[in-house]
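First comes the structure, then the notes that go with it.
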Amino acid sequence: MTHIVRWGIMATGWIAETFTNDLLIDPNVRNASDIAHQVVAVASSSSKDKAEQFISARGITTPCSAYGDYETLVADPNVDVIYVATPHSHHYQNVRLALEAGKNVLCEKAFTVNAAQTKILVEIARKKNLFLMEAVWTRYFPLSIQVRELIQKGEIGEVLRVVADTSFGDDVETKWGTTHRMVNPDLAGGALLDLGIYSLTWVFQTLYHTLPRDQRKPPTVSSQMTPYHLTGADESTTMLLSFPTSTPSNGPHPQQSHGIALTNIRGTQGEIQVLGQPFRPESYRIIPKKGAGEIREVHCPFPGNGKGMYWEADEVARCLRDGKLESEGMPLEESIVIMEVMDEVRKQGGLTYPQQIESTEYPLKF
Ligand SMILES: NC(=O)C1=CN([C@@H]2O[C@H](COP(=O)(O)OP(=O)(O)OC[C@H]3O[C@@H](n4cnc5c(N)ncnc54)[C@H](OP(=O)(O)O)[C@@H]3O)[C@@H](O)[C@H]2O)C=CC1
Ligand SMILES: O=C1OC[C@@H](O)[C@H](O)[C@H]1O
């Protein structure tokens, strides 16, 4: 039987459009006939008109309410789960609004501005028996699942080193100016919270998540930030994470000469190169240790011309169907540890955001 999940979309910006477009793609094109999605409500904090335009632009013809504020959305009894698509500066207030109203939540990355905010949201969700998940879409790609399984099967031996580079190479002033969420400290902008989270995703999903739960230990962190001269947000951030394992310090060497990818996972018996941007990779290459086999490349398509956000939505649907309050693929405990790493990186780099968006006070109007 197909389990249908009714979504409420909070905000009408770029990622809300992209996610909703994916929700509207027939799940059968990706062989997901056990679940289905309906968009039953959309809210814009700017105006009801904007929500109506969002609905008509997507060609949604099934009943779908348009709201001109978030409060009415979270009170809608037809909604099973809210997708929070506001800037990360606002996630804490917006997710909390939804949880306090008794709604399950899928919240865009970065989960919150700091770990203290994430911890409170997790506590509230648990207390109220509500589902909560950070929308780290990449983790739900078949590609990520396959790579994690390969590591767990020992395909490249013990993983010793992971390098993941999520950089755009844009001219920051021309591309992002000073007010865009990418660079605006009032919106918790900067490379770390916006893009660094994807490098951390690869490091964590290969070096941390692949271990049995009781062996997952937080890393130590050493990092460097370069501020963007016009806003003070981080224009670039480099992080070195060390996990407490028995890893020999001399590490592995490239096993067979085959270039380097943006994401490189090196083990004692070979390496996996993940090709394409770390947030939306399209293929991977398994390179066994020299003399131990052939190089294989696996292409992972996006059915129905989707962006790839439908896989995380399918996970939410299955969790709700099965009465799970969190997803195994992105456990809340792991979201907290990752937020703690980002807190530490900001501390080392001297990056703080305005007090009101770092605050755990609720409700706050800003
Ligand atoms: N998973 C992914 O691949 C991606 C994730 N993201 C994440 O999604 C979130 C939103 O990003 P994106 O959609 O690009 O951002 P946009 O600026 O395009 O949209 C954000 C929306 O949030 C609402 N909003 C509420 N308060 C504010 C405020 N003070 N300032 C600006 N907008 C506000 C607005 O919608 P309204 O007026 O309708 O209320 C606005 O349209 C971020 O956390 C980002 O990190 C972004 C891009 C890709
Ligand atoms: O989360 C993201 O992933 C995709 C990028 O294009 C986007 O800028 C970033 O915010």
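Treat the numbers as computed from the prediction; the structure is a model and nothing was measured. All ligand and atom numbering here is 1-based and tracks the order in the structure.
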Test ring pair (Phe, Tyr, Trp, His ring centres under 6.0 Å) applied to Phe19 and Trp137, Trp7, Phe54, the passing residue
Trp7

Contact between Glu108 and ligand 2, counting heavy atoms under 4.0 Å?
no

Should Arg280 and Glu282 count as an ion pair when the cut-off is N to O under 4.0 Å?
yes

Does CG in Asn305 sit with more than 12 non-hydrogen atoms of other residues, nucleotides or ligands closer than 6.0 Å?
no

Pull out every atom of ligand 1 sitting under 4.0 Å from any heavy atom of Leu187, numbered as shown with elements.
30 (N)

Shortest protein contact, atom 1 (N) of ligand 1 (heavy atom only):
Glu108 OE1, 3.1 Å

re atom 7 (C) of ligand 1, the protein heavy-atom contact at minimum distance is Lys109 O, 3.5 Å

Heavy atom under 4.0 Å from ligand 2: found in Arg280's side chain, backbone, both, or neither?
neither

Residue and atom name of the nearest protein heavy atom (relative to atom 9 (C) of ligand 2), distance in Å to one decimal
Asp194 OD1, 3.3 Å

Any nitrogen or oxygen of Trp137, main chain or side chain, under 3.5 Å from a nitrogen or oxygen of ligand 2?
no

Would Gln277 count as a contact residue for ligand 2, given that I'm defining contact as a non-hydrogen atom of the residue lying under 4.0 Å from a ligand atom?
no

Interfacing atoms of ligand 2 (cut-off 4.0 Å, heavy-atom, Lys109):
1 (O), 2 (C), 9 (C), 10 (O)

Mark the output for Lys307 as yes if a heavy-atom distance to ligand 1 is under 4.0 Å, and as no if none is.
no

Would you say Phe279 contacts ligand 1, with heavy atoms under 4.0 Å as the rule?
no

Would you kindly specify which portion of Phe54 sits under 4.0 Å from ligand 1, judged on non-hydrogen atoms: side chain, backbone, both or neither?
neither

Which atoms of ligand 1 have any heavy atom of Ala85 under 4.0 Å away?
10 (C), 20 (C), 21 (C), 22 (O)

What are the atoms of ligand 1, with element, lying closer than 4.0 Å to any heavy atom of Ser45?
25 (C), 36 (P), 37 (O), 38 (O), 39 (O)

How far is atom 28 (C) of ligand 1 from its nearest protein heavy atom, and which residue and atom is that?
His90 NE2, 4.0 Å

Measure the distance from atom 9 (C) of ligand 1 to every protein heavy atom, then report the residue, atom name and distance (to 0.1 Å) of the closest one.
Thr86 O, 3.1 Å

Within the 3.5 Å criterion, strictly below it, is a donor on Glu334 or Tyr208 matched to an acceptor on the partner's side chain?
no

Which protein heavy atom lies closest to atom 36 (P) of ligand 1, and at what distance to 0.1 Å?
Ser44 OG, 3.4 Å

Hey, are Glu315 and Lys324 close enough for a salt bridge, meaning a charged N less than 4.0 Å from a carboxylate O?
no

Heavy atoms only: which of Phe168, Phe279, Tyr198 is nearest to atom 2 (C) of ligand 2?
Tyr198

Atoms of ligand 1, numbered as shown, that sit under 4.0 Å from any heavy atom of Ala11
21 (C), 22 (O), 23 (C), 35 (O), 38 (O), 39 (O)

So which heavy atom in the protein is nearest atom 31 (C) of ligand 1, and how far is it from that ligand atom?
Pro87 CG, 3.6 Å

protein heavy-atom neighbour closest to atom 13 (O) of ligand 1 works out as Ile15 N, 2.9 Å

List the closest protein heavy-atom neighbour of atom 37 (O) of ligand 1: residue, atom name, distance to the nearest 0.1 Å.
Ser46 OG, 2.4 Å

Check step by step if side chain to side chain contact (heavy atoms under 4.5 Å, CB included) holds for Asn184 and Thr231.
CA-CA 7 Å; Asn184 183 351; Thr231 68; 6.0 Å; no

Nearest protein heavy atom under 4.0 Å from atom 18 (O) of ligand 1, yes or no:
yes

Check Asp194 with Lys109, please: is the shortest side-chain N to carboxylate O separation under 4.0 Å?
yes

I'd like to know whether Gln117 forms a side-chain hydrogen bond (donor to acceptor under 3.5 Å, both in side chains) with His91, so could you lay out the CA-CA distance, the side-chain angles of the two residues, the decisive distance to 0.1 Å, and finally the verdict.
CA-CA 9 Å; Gln117 293 181 343; His91 289 174; over 6 Å; no

Would you mind telling me which of Leu275, Val298, Asn264 makes a side-chain contact (heavy atoms from CB on, under 4.5 Å) with Arg285?
Leu275

Side chains of Gln205 and Arg139 only: does a donor on one sit below 3.5 Å from an acceptor on the other?
no

More than 12 foreign heavy atoms under 6.0 Å from CD of Glu100: is that the case here?
yes

Around atom CD of Gln215, are there more than 12 heavy atoms of other residues, nucleotides or ligands at under 6.0 Å?
yes

If you count heavy atoms of other groups shown closer than 6.0 angstrom to NZ of Lys48, is the number above 12?
no

Only heavy atoms of Tyr70, strictly under 4.0 Å: list the atoms of ligand 1 that pass.
23 (C), 24 (N), 25 (C), 35 (O), 36 (P), 39 (O)

CA sep, side-chain torsions, deciding dist, call: Gln348, Met225, side chain to side chain contact (heavy atoms under 4.5 Å, CB included)
CA-CA 8 Å; Gln348 291 179 13; Met225 277 185 159; over 6 Å; no

Any heavy atom of Arg181 under 4.0 Å from ligand 1? The part involved is side chain

Taking Lys365 first and then Glu71, would you say they form a salt bridge - that is, a charged N and a carboxylate O separated by under 4.0 Å?
yes

Trp14 heavy atom under 4.0 Å from ligand 2
yes

Does ligand 1 have a heavy atom under 4.0 Å from the side chain of His88, from its backbone, from both, or from neither?
both

Show me which atoms of ligand 1 lie under 4.0 Å from any heavy atom of His91.
43 (O)

Side-chain H-bond candidate by donor/acceptor type, Tyr70 with Thr86, under 3.5 Å
no

Tell me: protein heavy atom nearest atom 8 (O) of ligand 2, and distance?
Met182 CE, 3.6 Å

Going by heavy atoms in the side chains, are Arg346 and Val113 under 4.5 Å from each other?
yes

Using a strict cut-off of 4.0 Å, indicate which atoms of ligand 1 neighbour a heavy atom of Tyr198.
1 (N), 2 (C), 3 (O)

Say whether Ile145 and Trp311 are linked into one hydrophobic cluster, either directly or through other cluster members, by side-chain heavy-atom distances under 4.5 angstrom.
no

Does only the side chain of Ser89 get under 4.0 Å from ligand 1, or the backbone, or both, or neither? Count heavy atoms.
neither

